[in-house]
Participant: 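Pasting a structure here, questions to come.
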Amino acid sequence: MSPWRRTLSLAVIVAEYHPQELDRKWQAHWADTRAFEVTEDPSKPKFYCLEMFAYPSGHAHVGHVRNYIIGDVVSRLKRLQGFNVLHPFGWDAFGLPAENAAIKNGIHPETSTLANIAHMKGQLQRLGISYAWGRELATCLPDYYRWNQWLFTRMFERGLAYRRRSTVNWCPSCNTVLANEQVIDGACWRCGSQVTQKDLEQWFFKITHYADDLLVAADGLAKWPEKVLTMQRNWIGRSEGARIRFPIQGANDSIEVFTTRIDTIFGATFMLLAPEHGLVSRFAKESEDEPAFLAKAQKYRAQDRAGRLTGEVEKEGFFTGRFAINPYTGLPIPICIANYVLGEYGTGAVMGVPAHDDRDREFATKYGLEIKPVVVARDGSPAGAATDDCVLVESGDYSGMPADAARQAITEDAEERGIGHGTVQFRLKDWGISRQRYWGTPIPMMHCPVDGIVPVPDDQLPVQLPKVMEFTGRGDSPLAGVPEFVNVTCPKCGGPAKRETDTMDTFVDSSWYFYRFADAQNDQLPFDPKKVGYWCPVDFYSGGVEHAILHLIYSRFFARVFHDLGMVEHTEPFTHLLTQGMVLKDGAVMSKSKGNVVDPDSMIQKYGSDALRLYVMFVAPPEKEVEWTDSGLEGSFRFLARVWRAADQWATEGAASSDTKAAAGTHATTRTAIDHGALTSAERALRRKTHDTIKRVTNDIDARQQMNTAVSAMMELVNELYAFAEKGERSAQAPRVAREAIEALIVMLSPFAPHTMEELWQIYGHADGLRAARWPVFDAEVAKAEELEIPVQVNGKLRAVVTVAPGVENPELERIALAEPNVQAHIAGKTIKKVVIVKGKLVSVVV
RNA sequence: GCCGGGGUGGCGAAACUGGCAGACGCACAGGACUUAAAAUCCUGAGAGGGUCACCCCCUCGUGCGGGUUCGAUUCCCGCCCCCGGCACCA
């Protein structure tokens, strides 16, 4: 008969593990006591834990939910460690799906969005996520988006928000403009449609103002994944170089190029213009056959876009009939239009240096243009595109100069001659935020025939979305069709004016919501700088890596804007970033269309929320992708049931034990100090395991952030408890020793399985709940090993393991090791050259 | 092409500072309990071999090939493959 059966028959508190009842009980308790609401408390260290807020699509699947569980485990841990923890949640509630649904089924986006929020909030509550719901926000409510408008106006006043006509990315399916960051492989980030180009008047945020700082400061983000930083660095794309003008032969003007290799300028044997370059139409006019000229340029423009999608298009170009003068050789070089020169980068024109640029070489070879090497390796061999240890040749006065030095010298010379200057070029472009849609923040601007662009005065904010709308899906701004919205009075001249009818990109909403959580009810300002000063920056932020160059770069930008407005002291909003891996099902990302979503509610119904939470944390480190398995979840459920039974048994044995103090029935008495010296060796071993587990779990969670190994350490402790109950020799103190293990286990496991552990904690007599509990304290004395197992190697191969007392001296250890029969067998007939002893670790014999 | 991450049992993974590779879990197998099943508890297990009566012992083994070291999943050099990002950025 198992020990469990034996004790169950005597049990005072017998309860089977029914997690669903515990879920209900403790979720109600947390809600009733407003357990996770917090205020600023200068006496405590603060911890701001945040998961990327959610788009209210209607249903969260376990892939989404993983992120919230990760954040919740961190939050609950930090509370146990004495931090004042802010853990809020909200809704990224504007966006196209709701509006598209409205076009289809006539339900107003606000109605469907609020219904979706209600359902998803219920899902999160059923998981027992410890949010401060009092701070909940939804970006689609005027309380929130008025501050988008307020901030937009501040940015407009500072020139950080501006309007210009430009070629923009257009998604024909979403009927709106997209920012560069929102075009993935030439397709819309949201719906996957092929993006086309359009010329439109658009509002932009001047993120390029901070390009250099965003890049440099990335080096200081020590707790961000390298992957994300690399992506941001690539996206910002800084290159140092020079701009230099080449005169056009037979004309008064010149063409400016950007180059990072001005040291190769003596090898520039042709010049290339992008098909979009401003001079194309002029050269076309001056050519013999203008329509043919323009047709070819136009072909490249179209081709260029296609080329970017498929990767490779053969380099192609044609001669304009005009020449430029290389300002260093003084020689005329042909000006060509080429399909591989980008209009939007640098000056849209480049000097062709075929000897030192692979693309130019390909082009020159195809058209028979001159290839003139001007940089060679020190030994005189061809340098190609390399620069290290290279010197210039055939470069006038610069011949013989190292390439690096020449870059500087020629740049300085160009500056003196007034034909160029050193400069830094970024790939990052300003953020186009106008969207020709309804379900977003109205841009708080007016167009007055007298005063031009006029911001809506602050006291007229928010500019509210008109409620009554018909959604037609026609491809222009829906707000333009609402006269009551459009027609306004100019606050400057009092004359009639028109409202801006575009709305803001929803990424504006998400670029600062983490500040609003620090002061979610403020109706005077987006937030009180003092409150943000207490809570921010966010200490732990987790979400999907897909936002690496979207939300995460925009938020860094906004932090700088708020900083320059004097509202926040920091410039980096997120100290520690974790990008959680996706949950796959049948090898694919979960999605409704694939029909492979796992619904958290049905899992909770079957196994309880704690099993789901524990499984998600145990299956792999949080940043790793995982494959969902039902059997894995079942394993976590089994573990919790195992903990439950062990706790139940020892609660019973503690109460029914022959130990007189314990028999008095109060749990407090069984928590009196353990007389360690009087324990059996099995009891000492269990205590050792208990304290060893405390140490491992604490270290795994704090220093290593490896939740999965923390859980496995606790599983080992439970296995040990079972072994002790099964066959451990017991003294009268056995219940106390077991209780010590179980109470430590309850507290350490509570971030992962809070409902079950609250219940057990209560059963163990702690009336004030886990919120009053403290993280268990590791006792090195108790954890000290009574004997050590030392591996013995001969020539690097394991030959024996010897058991010795800790603190054994090296000569003695060597003697014991060499006495091992199997060691003797392997050194027989050979001379010992060396014995390496790592104290307390190993003996290595070399023969 | 460039950048980042990775490659360990049937599977998810672990090994912290160069020191017993595979902890913990899943799946599997055997046993106990049961009329039976489920549940539960216990036991086993990298591959191959020796002695197979047991204890045990040997060889190989962390993508591949080298190197450093008494000792390498860990460090160095050179490759291969997978995932992710960027990609004609002058």
Side-chain angles (χ1 to χ4, degrees), chain A residues 1-5 184-185 225-235 237-239 241 257-261 264 272 274 304 307-308 311-313 315 338-342 344-353 356-360 362-363 425-427 545-546 548-549 615 618-621 623-627 629-636 638-639 641-642 645 696 699-700 703-704 706 708-716 718-719 722-723 725-727 789-801 821-822 825 833-838 841-847:
Chain A
M1 200 182 200
S2 88
W4 310 119
R5 270 169 202 288
I184 315 288
D185 288 336
E226 202 49 46
K227 176 168 58 165
V228 173
L229 294 175
T230 304
M231 285 165 73
Q232 293 210 353
R233 289 187 188 111
N234 288 344
W235 187 257
R238 181 183 200 270
S239 26
V257 301
F258 172 74
T259 179
T260 55
R261 291 298 307 277
T264 64
L272 299 172
D304 187 27
R308 256 186 246 168
E312 272 303 307
V313 167
K315 292 180 184 28
N339 65 347
Y340 69 94
V341 178
L342 302 173
E344 72 262 28
Y345 183 77
T347 64
V350 299
M351 60 183 203
V353 186
H356 304 293
D357 182 288
D358 293 340
R359 295 155 298 175
D360 294 344
E362 194 183 327
F363 189 79
Q425 181 70 42
F426 292 96
R427 224 185 63 118
V545 73
E546 65 274 15
I549 50 173
Y615 168 64
F618 174 63
V619 65
E623 52 283 336
K624 259 192 118 151
E625 213 166 63
V626 293
E627 172 73 25
T629 60
D630 285 359
S631 57
L633 173 60
E634 205 173 317
S636 292
R638 275 202 295 262
F639 170 69
R642 208 165 140 85
R645 284 188 299 271
R696 275 174 66 189
N699 184 46
D700 279 356
R704 305 207 306 153
Q706 288 218 129
N708 54 331
T709 51
V711 174
S712 71
M714 292 189 272
M715 287 172 166
E716 285 184 47
V718 172
N719 291 344
Y722 271 68
E726 178 82 5
K727 57 192 175 209
E789 296 205 325
I790 307 283
V792 184
Q793 296 177 350
V794 179
N795 284 348
K797 291 205 161 114
L798 181 72
R799 296 303 180 195
V801 178
N822 200 40
K833 289 189 194 137
K834 191 158 109 179
V835 178
V836 180
I837 298 180
V838 183
K841 276 269 173 73
L842 121 159
V843 179
S844 182
V845 184
V846 190
V847 292

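It should be emphasised that the depicted structure is a prediction, and the values quoted were computed from it without experimental measurement. Residue numbers begin at 1 in each chain, while the letters A, B, ... track the order of the sequences.
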Participant: Does B:rG18 pair with anything, Watson-Crick or G-U wobble, both distances under 3.5 Å, and if so, with which nucleotide?
Facilitator: none
Participant: Syn versus anti for B:rG9, judged by chi lying within 90° of 0?
Facilitator: syn
Participant: Looking for any heavy atom pair under 4.0 Å, which part of the strands does A:V846 touch: base, sugar-phosphate only, or nothing?
Facilitator: sugar-phosphate
Participant: Could you check whether any side-chain N or O of A:Y722 sits under 3.5 Å from a backbone N or O of A:R642, counting only pairs where one atom can act as donor and the other as acceptor?
Facilitator: yes
Participant: In whole angstrom, what separates A:Y615's OH from B:rA27's P?
Facilitator: 11 Å
Participant: Whole-Å distance between B:rA90 P and A:K315 NZ?
Facilitator: 14 Å
Participant: Rounding to an integer number of Å, can you tell me how far A:R642 CZ sits from B:rA39 P?
Facilitator: 15 Å
Participant: Spell out protein contact along nucleotides 53-63 of chain B as letters: B when the base is contacted, S when just the sugar-phosphate is, - when no protein heavy atom is under 4.0 Å; keep the 5' to 3' order.
Facilitator: ----SSSS---
Participant: Could you check A:G632 against A:K834 and say which one's nearest nucleotide on RNA chain B is further toward the 5' end?
Facilitator: A:G632
Participant: B:rC24 pairs with which nucleotide, Watson-Crick or G-U wobble, both distances below 3.5 Å?
Facilitator: B:rG12
Participant: Measure from CZ on A:R233 to P on B:rG85 and round the result to the nearest Å.
Facilitator: 19 Å
Participant: Grab the CG-P distance between A:D357 and B:rG1 for me, whole Å please.
Facilitator: 17 Å
Participant: Which base sits across from B:rC2 as a Watson-Crick or G-U pair, both distances under 3.5 Å?
Facilitator: B:rG85
Participant: Applying the Watson-Crick and G-U wobble criteria at under 3.5 Å, what pairs with B:rU59? Answer none if nothing qualifies.
Facilitator: B:rA47
Participant: Using the P atom on both, measure B:rC3 against B:rC79 and round to a whole Å.
Facilitator: 13 Å
Participant: Rounding to the closest angstrom, what is the interatomic distance between B:rA32 and B:rG9 at atom P?
Facilitator: 34 Å
Participant: When you get a sec, tell me which of B:rA90, B:rC24, B:rA27 is the closest nucleotide to the side chain of A:Y345?
Facilitator: B:rA90
Participant: Any side-chain N or O of A:Y340 less than 4.0 Å from the OP1 or OP2 oxygen of B:rA90?
Facilitator: no
Participant: Output the rounded distance in Å from CG (A:L229) to C1' (B:rC86).
Facilitator: 15 Å
Participant: Using the P atom as the reference point in each nucleotide, state the distance between B:rC24 and B:rC33 in Å, no decimals.
Facilitator: 27 Å
Participant: Who is the Watson-Crick or G-U wobble partner of B:rC52, with both distances under 3.5 Å?
Facilitator: none
Participant: Would a 4.5 Å heavy-atom cut-off, applied to side chains only, mark A:N795 and A:V846 as touching?
Facilitator: yes
Participant: Consider the side chain of A:S712, meaning its heavy atoms from C-beta on, and name the nucleotide among B:rC42, B:rC24, B:rC20 that approaches it most closely.
Facilitator: B:rC24
Participant: Can a donor-acceptor pair be found, under 3.5 Å and without considering hydrogens, that links the side chain of A:D700 to the backbone of A:N708?
Facilitator: no
Participant: Is the closest side-chain donor-acceptor distance between A:D630 and A:Y615 under 3.5 Å?
Facilitator: no
Participant: When you check every protein heavy atom under 4.0 Å of nucleotides 3-19 of chain B, what one-letter string (B, S, -) results, 5' to 3'?
Facilitator: SS-------BSSSB--B
Participant: Quick one: A:F363 CZ to B:rA90 C1', roughly how many Å, whole number?
Facilitator: 14 Å
Participant: Find the distance A:M231:CE to B:rA87:P and express it as a whole number of Å.
Facilitator: 10 Å
Participant: Can you find a side chain N or O atom of A:R427 that sits less than 4.0 Å from OP1 or OP2 on B:rA87?
Facilitator: yes
